[in-house]
Every structure is written in C-alpha cells, then in structure tokens.
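Lettering follows sequence order; numbering is per chain, from 1. The structure presented is a predicted model; accordingly, all values stated were derived computationally and were not measured.
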Protein chains: 2
Amino acid sequence: MTVNAKKAKPARERIIDAANKLFYQEGIRAVSVDAVAEKAGITKKTLYYHFKSKDDLVAEYLSSRDQPNLKLFETWFESAEGDTADKVEAIFLELAKSARHPKWKGCGFLRTAAELANLPGHPAMKIGSEHKKKFEDWLAKQFIKNQLDDPAAIARQIVLLMDGAFSTMLVHRDAAYAEEAGRAAKSIVRAHIDAEIQH
Amino acid sequence: MTVNAKKAKPARERIIDAANKLFYQEGIRAVSVDAVAEKAGITKKTLYYHFKSKDDLVAEYLSSRDQPNLKLFETWFESAEGDTADKVEAIFLELAKSARHPKWKGCGFLRTAAELANLPGHPAMKIGSEHKKKFEDWLAKQFIKNQLDDPAAIARQIVLLMDGAFSTMLVHRDAAYAEEAGRAAKSIVRAHIDAEIQH
DNA sequence: TCAGGCAAACTCACTGGTTAGTATACATAG
DNA sequence: CTATGTATACTAACCAGTGAGTTTGCCTGA
C-alpha cells in the first residue's frame, strides 16, 4: 500500500479507524497514543491536532460505534423469520455467530465501561450509557408495536440477557451462553404475546 | 501507625489486601506495582519476592475473591424467606443494595476479564472463568434439590441475568437493573416450580 | 493571472514523569 | 551460618502531551 493510497481518506478518519481497531482489540489503557498514530500513518502531533486528548479520542471511538452497532441489531431483528419472539431470539443467535470469530472481544461499550469504572465522569461513559439506552428504547418500541403489556420491563429484561451474554461469553469464551440467553429472551417475549392474545 | 502495628499481618497478606482494594477500585492496568507496594507498606522488591510478576499478583487477587464472593451469594440465598424463586430473587435484591454504595465498581471478575480480553491465556482469565462456573454449578445444585426440570439451563439463565445486571449497573449506575433482573429470574424459577407441581 | 498571505494540517524532536522488573546489600531468626 | 525477608537505588523502556517549525491548499487583490 502506497502513501497516496493511505491518504485517500482524511487523517481524522484514519485516526478513528485505527483507534477503533486498537482500542477494541487491545483495550483502552493497553493502547498508547503513539500506537494509534502509527497505525493511522501520521505523527502523534497530528493526532493531537485533531483530538485534544486521549480521553477525547476514546469518546470519539465509542461515538463512531454507536450507529453502526444499533443498525446491526436492527438488521438482525428485521431480517429474521417468525414473530417478535423469534426476531428477538435471532439477535442472540447472530450474536453467538459473531462471538465465534477469533477476533471477537465482547462489547466495546461494556469493556470500556469496565475499564473506566474508576472515572464515572469520563465522556466515554456517558456515550456508552446513552448507546445502551438507545437499544433498550428501540426494543421497547418494537414491543409497543406488538401491543405487548409493559414493553419497558420486557425490553429491560432482554438487554439484561444481552449484556449478560456479552459478559459471560467473554469470560468463558463460549458462544453457547448467547444461545441460552436467546432461548430465555424468546420465551419471555412469547409469554407476553400469549398473554396479549388471551386478553 | 508504627512499623510493628503494620507487621501484625504478614507482608504477603498485606500485599493481597492492598491489591484487592486498588485493583478493584481503579482497575488492573491503571494500578502500578509501586502503588500496590506503597499501599501495603513495603517496597516493590519485597512484593517481587512474594509474587513473580504483576500478572501473578493479579491472578492471586482474583483467587482471593473467589471463596468470599461465592459465600456471600450463598448466604444471601439461604437467609432469604420464601421458596427457591424468592431466594433467587433475594440475591439480585442484595446485589442492588450493594451496587448503591458509592465505592461499588461492578464485578471484579467481569471487569478483569474485560480489561484482559486481549490476553486469553492470562492466568487471571482462567480463575475468573472457574469462579463464574462454580456459581453456575452451585445454582444448578439448588434447582436439582428442588427437582426442577433442566436445572443446568435454568442456572445458566440466572447467571446470564446476574452478569447482565453487573454490566448494565456499571454502565448506567442504576441499581434498578438488578431489581428487574431479579423479577425476571424469579419468574423463570417460579415457572419451572409450577411445571414441576403440575407434573 | 499570479503574487502574497494566511490558516489548516502536518512533522521532528523533545520533556518530565511512570512503568515493570532487577542488582546489590543488609538484617534477622533458627 | 544459612534461609528468609527487607531496603536502597537503579535500568531501560514507555507514557501522554508539547515546542518550534514546515508544508499545503485556498483566498484575495491588483
């Protein structure tokens, strides 16, 4: 790859791309600013021209993952066969599939929150919290569409299973946890669909 | 504090105590070996006399939390009123209570796994995995006692909700997630108790 | 059309401080 | 006298962030 080929993308974008790969693969504190700059093919000073600090870069890294991640879950949901319960389970089954990739390292938002737990005011923490909340709200909206009772509670139970799946799969390196979480999620949603029909 | 008062506990024990507090509060990579040595009131060389590396110390830190943590969950379960479903919910309610403490920083095992996700062979990862598995097995054993069907699957669903509660509470700093997880866990167990009675 | 200016984007070389880990020596207890 | 434990002082690498200066591309005015 030539220098010109690299420069096809503007520097700021290349920095975010590099940060994405390195922070997700290695962790925040394990990756130096120098390493990100080198991977982006620029000098550290240029990085500091575009981002005012490492913390700022970390926040931008998470921001850049927000929409793509949400979109992915929505696609998994929408393109699944069956009723809402099946579609919810599909998210977990796709997640299990992803987790089997050797480069899978859990949820970047959860891992960042775990690593920065001692800095509750860190900008990245707020971005992570908002991202997770958006997913929970989107789920609740799907349940409202289906006129399920207490959509917020069901959505919350699903995200609990989802983040549980992320965590346990990272600890055990076993994608079967997401499949079990999917079964639990499906049966929770199914129970509420049945309740609605009877009523 | 005199030197003698410090020496009441052997150095090794004081190092583990210091590592416990610092690694849990601040994170693994955020805490230097110097900081642990200083908190323990010894020099770094003494620390390296007792532990061969920082990685070794991290593994010992997690090992030291294994039994106390399991014991705590068992106590919460056993001292709760009601049937098995209520006792399972009690674990989540006590967890929510703990999480409201300002010094609460999630589950040390999960946070360590998140931070060391790029080092799958790290000794601490194995200890974390075994700890979580022990809790899952202990739960399954409780369900076997009650002659519930498929105790392993129920136990796994409960730990998924539990680790989900740990994660979401860390991200949102909101103990309500553990309470919702408790409701979900209780109704899963209750459903299986009812199924058993009908049969 | 082109000189001149200017700001954005960039590089090289550096600072002060921190990191994990160690060489050497000294103390104390059995 | 030997094994265990401790301290001082060090290394070599690495860290986030910066000072000073250079290139690039675009706009302006004659």
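- Under a cutoff of 6.0 Å and an axis angle of 45°, A:R111 and A:Y24 form a cation-pi pair.
- Between A:R100 and A:E179 there is a salt bridge, since at least one side-chain N of the basic residue sits less than 4.0 Å from a carboxylate O of the acidic one.
- Ion pairing between B:R190 and B:D86 holds under the 4.0 Å rule for side-chain N and carboxylate O.
- Atom CZ of B:F23 is separated from atom C1' of C:dA20 by 12 Å (rounded to the nearest Å).
- Nearest to the side chain of A:T43, among C:dT11, D:dA7, D:dC15, sits C:dT11.
- A salt bridge does not link A:E136 with A:K141: none of the charged nitrogens is closer than 4.0 Å to a carboxylate oxygen.
- Between B:H50 and D:dT6, a side-chain N or O to OP1/OP2 separation shorter than 4.0 Å is present.
- Rounded to a whole Å, the CG atom of A:L47 is 15 Å from the P atom of C:dC12.
- The nearest whole Å value for the distance from the CD atom in B:E38 to the P atom in C:dT19 is 11 Å.
- Nearest-nucleotide positions on DNA chain C for A:K44 and A:Y49 put A:Y49 closer to the 5' end.
- B:V31 comes within 4.0 angstrom of the backbone, heavy atoms only, and of no base.
- Rounded to whole Å, atom P of C:dA23 lies 13 Å from atom OH of B:Y48.
- Of the side-chain N and O atoms in A:S32, one or more sit less than 4.0 angstrom from OP1 or OP2 of D:dC15.
- Going from atom CD1 of A:I42 over to atom P of D:dT22 covers 21 Å, rounded to whole Å.
- Comparing A:T46 and B:V33 by the nucleotide of DNA chain C that holds the closest heavy atom to each, the one mapping nearer the 5' end is A:T46.
- For B:R29 and D:dC14, the CZ to P distance is 15 Å, given to the nearest whole Å.
- Between B:Y61 and B:F23, the angle of the ring planes lies from 30° to 60°, which puts this pair in the tilted group.
- In this structure, the CG atom of A:D34 is 13 Å from the C1' atom of C:dA13, given to the nearest Å.
- Counting atom types as modelled, B:K45 pairs no side-chain N or O with a base atom of C:dG21 as donor and acceptor under 3.5 Å.
- Computed from coordinates, the A:K52 NZ to D:dA16 P distance equals 16 Å when rounded to whole Å.
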